[in-house]
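Have a look at the structure below before the remarks.
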Amino acid sequence: MPELPEVETTRRQIAPIIVGRTIKSVKIHKGAERLAVTHAPHELEFTLTGRRIDALDRHGKYLIAHLDDGRAWVVHLRMTGSLVVAAVDKPHRFERAQLSMDDGVVVRFNDLRKFGTWHVVEDPRDAMPNVGPDALSDDFTVSWLREHLARRSVPLKSVLLDQKVAAGVGNIYADEACYIARINPRIKAHELGPRRVARLRDAIVTALQRSLVDGGTTFSNYMDGLGGAGFHKTHVHVFRRDGEPCDHCGSIIRKIRIAGRGTHFCPRCQKH
DNA sequence: ACTATGCCCTGGGTGC
DNA sequence: TGCACCCAGGGCATAG
C-alpha cells in the first residue's frame, strides 16, 4: 500500500527523469476509465498531451505534477497503484495507462485493483479536499494533533488514518507509530494526555522517516518509481507480524480489527 | 460536526 | 483440478 514513504520514494525517483520533459502522448487503457476523475478518459489524454511538467511535488499520498499551462495533474496510487519509469519493454500485467515523453521515456501507471485516480485541476487542493498537513511537514505539530485527538471519541487508530489529521499516514504507519509510541491503538483518541500526544507525533514522524530510508515498504504490489521494491518490510515492528514475537519484549503480536482495518500491536508494550 | 457502514476492485489464499 | 468464498483497504458517499 503506497503511503507517504512509498509515494515520496516514487517522487524522488521519477522527478529527475520527467521534470522539464513534455508529454508526447497519453493512453488510458480500456477497462481503466475510472482512473480519470475530472474528465472523460479521452479528454484527459488530450488535456495532458503537449504539456511540459515543470515540477513534481507530493502532499500526503498525492503526487502533484505542475504543468506548463498552470494546471496540476494530481495522481493518487490508492491501494495497488504505482507510477513507473522504464525503458520501453513489455508492459506490466496490470498496466492501466501509459505516457510517452518527448525524449522517448515511457511512464507506466500500473494498478491491480483500479482504485487509483488522476485529476487535472487548476488548484491541486481541488483534487484533495479533505487533506490536512503533510505528516512530514512543519505544519504537522503537536498542538495540531492534540486539537484533533481531543474532539474525537473513536479509537486512536481511526484518527490516525484520517488524512485531515496527518496526511500520508496509512494502515502500515499508523500501526508502526502506535508501537513506537507504546500506545494501544484502541484507546479513545480524546483520552490521550499531552505527553503521550507529543510522543505520538514524534513516533509518526519517526515511522515515516525510517521507512523512507529503506525506500518504503513492499508487501505485495507496491513497486517504486523504477520498478523495484521497498525493503522496509524487513524493519517493520508490528504490521502483518501477528503471531510473531515483539522485537522489544518477545510477546506475541496480536491482530485486531479497528474501523474495518487490520490493526497490529504488542499486547505488552502497548497495554494502554 | 461526528460516527458507522457500504462501496469500489481483483488476485491470492483457503476449504471442500 | 475446480469452484466458491473471503480477505486486503484509501477515500468517498450516504445515513443516522
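To find a chain, count down the sequence lines: A is the first, B the second, and so on, and within it residues start at 1.
- Among the heavy atoms of the strands lying under 4.0 Å from Gly262(A) are primed sugar atoms or P, OP1, OP2 only; no base atom is included.
- If you measure from atom CE of Met79(A) to atom C1' of dG10(C), you get 7 Å, rounded to the nearest angstrom.
- An OP1 or OP2 oxygen of dT3(B) is reached within less than 4.0 angstrom by a side-chain nitrogen or oxygen of Ser153(A).
- If you take CZ of Phe94(A) and C1' of dC9(B), they are 12 Å apart, rounded to a whole angstrom.
- The side chain of Arg93(A) approaches dG12(B) more closely than any other nucleotide in the set dG12(B), dT3(B), dC2(B).
- Using a 4.0 Å cutoff on non-hydrogen atoms, the parts of residues 112-122 of chain A near DNA chain B are Leu112(A), Arg113(A), Lys114(A), Phe115(A), ordered by number.
- Following rounding to the nearest Å, Asp162(A) (CG) and dG9(C) (C1') show an atom-to-atom distance of 15 Å.
- Within the structure, ring pair (Phe, Tyr, Trp, His ring centres under 6.0 Å) pairs that include any residue of residues 1-27 of chain A do not occur (at least two apart or interchain).
- Distance CG (Leu35(A)) to P (dT10(B)): 13 Å, rounded to an integer number of Å.
- Per the geometry, CD1 belonging to Ile258(A) stands 15 Å off C1' belonging to dG9(C), to the nearest Å.
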Which atom pairs link the protein and nucleotides 13-15 of chain B when you take only N or O atoms and keep those under 3.5 Å?
none

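- As judged by a 4.0 angstrom heavy-atom cut-off over every strand, Lys188(A) is placed among residues making no nucleic acid contact.
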Would you give me the side-chain donor-acceptor pairs under 3.5 Å for residues 39-50 of chain A, sequence neighbours excluded?
from     : atom 1 : to       : atom 2 : distance (Å)
Glu45(A) : OE2    : Ile28(A) : N      : 2.7
Thr47(A) : OG1    : Glu43(A) : O      : 2.7
Thr49(A) : OG1    : Glu45(A) : O      : 2.6

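- One interatomic measurement links the two molecules: CZ of Arg34(A) to C1' of dT10(B), which rounds to 14 Å at whole-angstrom precision.
- In terms of heavy atoms, Ala135(A) sits closest to Val205(A) at O-CG2, 3.8 Å.
- Ile187(A) and Ile258(A) sit in two unconnected hydrophobic clusters of ILVMFWY residues. Membership requires side-chain heavy atoms under 4.5 Å apart, directly or through other members.
- Rounded to a whole Å, the CG atom of Leu156(A) is 13 Å from the P atom of dT3(B).
- Of all heavy-atom pairs spanning Ala97(A) and Trp118(A), the tightest one is CB-CH2, 3.6 Å.
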Item to check | Reading 5' to 3' through nucleotides 11-16 of chain C, protein heavy-atom contacts under 4.0 Å coded B for base, S for sugar-phosphate only, - for none | outcome: BS----

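- Nearest to the side-chain atoms of Arg152(A) among the listed nucleotides dC9(B), dG9(C), dC2(B) stands dC2(B).
- Taking the nucleotide of DNA chain B with the nearest heavy atom to each of Arg96(A) and Val154(A), the more 5' of the two is matched to Val154(A).
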Can I get a per-line list of side-chain donor-acceptor pairs under 3.5 Å for residues 265-272 of chain A, giving both atom names and the distance, sequence neighbours left out?
from      : atom 1 : to        : atom 2 : distance (Å)
Gln270(A) : OE1    : Cys266(A) : N      : 2.8
Gln270(A) : NE2    : Cys178(A) : O      : 3.2
Gln270(A) : NE2    : Ile183(A) : O      : 3.0

Checklist entry - Run the side-chain contact (heavy atoms from CB on, under 4.5 Å) check on Asp139(A) and Asp134(A) step by step: do they pass? => result CA-CA 7 Å; Asp139(A) 297 333; Asp134(A) 186 86; over 6 Å; no

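- Summarising the local packing, CG of Asp123(A) is surrounded by more than 12 heavy atoms from other residues, nucleotides or ligands at distances under 6.0 Å.
- Distance alone, capped at 3.5 Å, is enough to place a donor-acceptor pair between the His59(A) side chain and the Gly132(A) backbone.
- Using a cut-off of 4.0 Å between Lys/Arg side-chain N and Asp/Glu carboxylate O, Glu191(A) and Lys188(A) are scored as not salt-bridged.
- The pair Arg11(A)-Asp57(A) does not meet the salt-bridge criterion, since no charged nitrogen lies less than 4.0 angstrom from a carboxylate oxygen.
- Note on Phe239(A): only backbone sugar-phosphate atoms sit closer than 4.0 angstrom, heavy atoms only; bases stay farther off.
- In this entry the distance linking NE2 of His29(A) with P of dC9(B) reads 18 Å, nearest Å.
- Put simply, the side chain of Thr263(A) gets close to the backbone of Arg261(A): a donor and an acceptor are under 3.5 Å apart.
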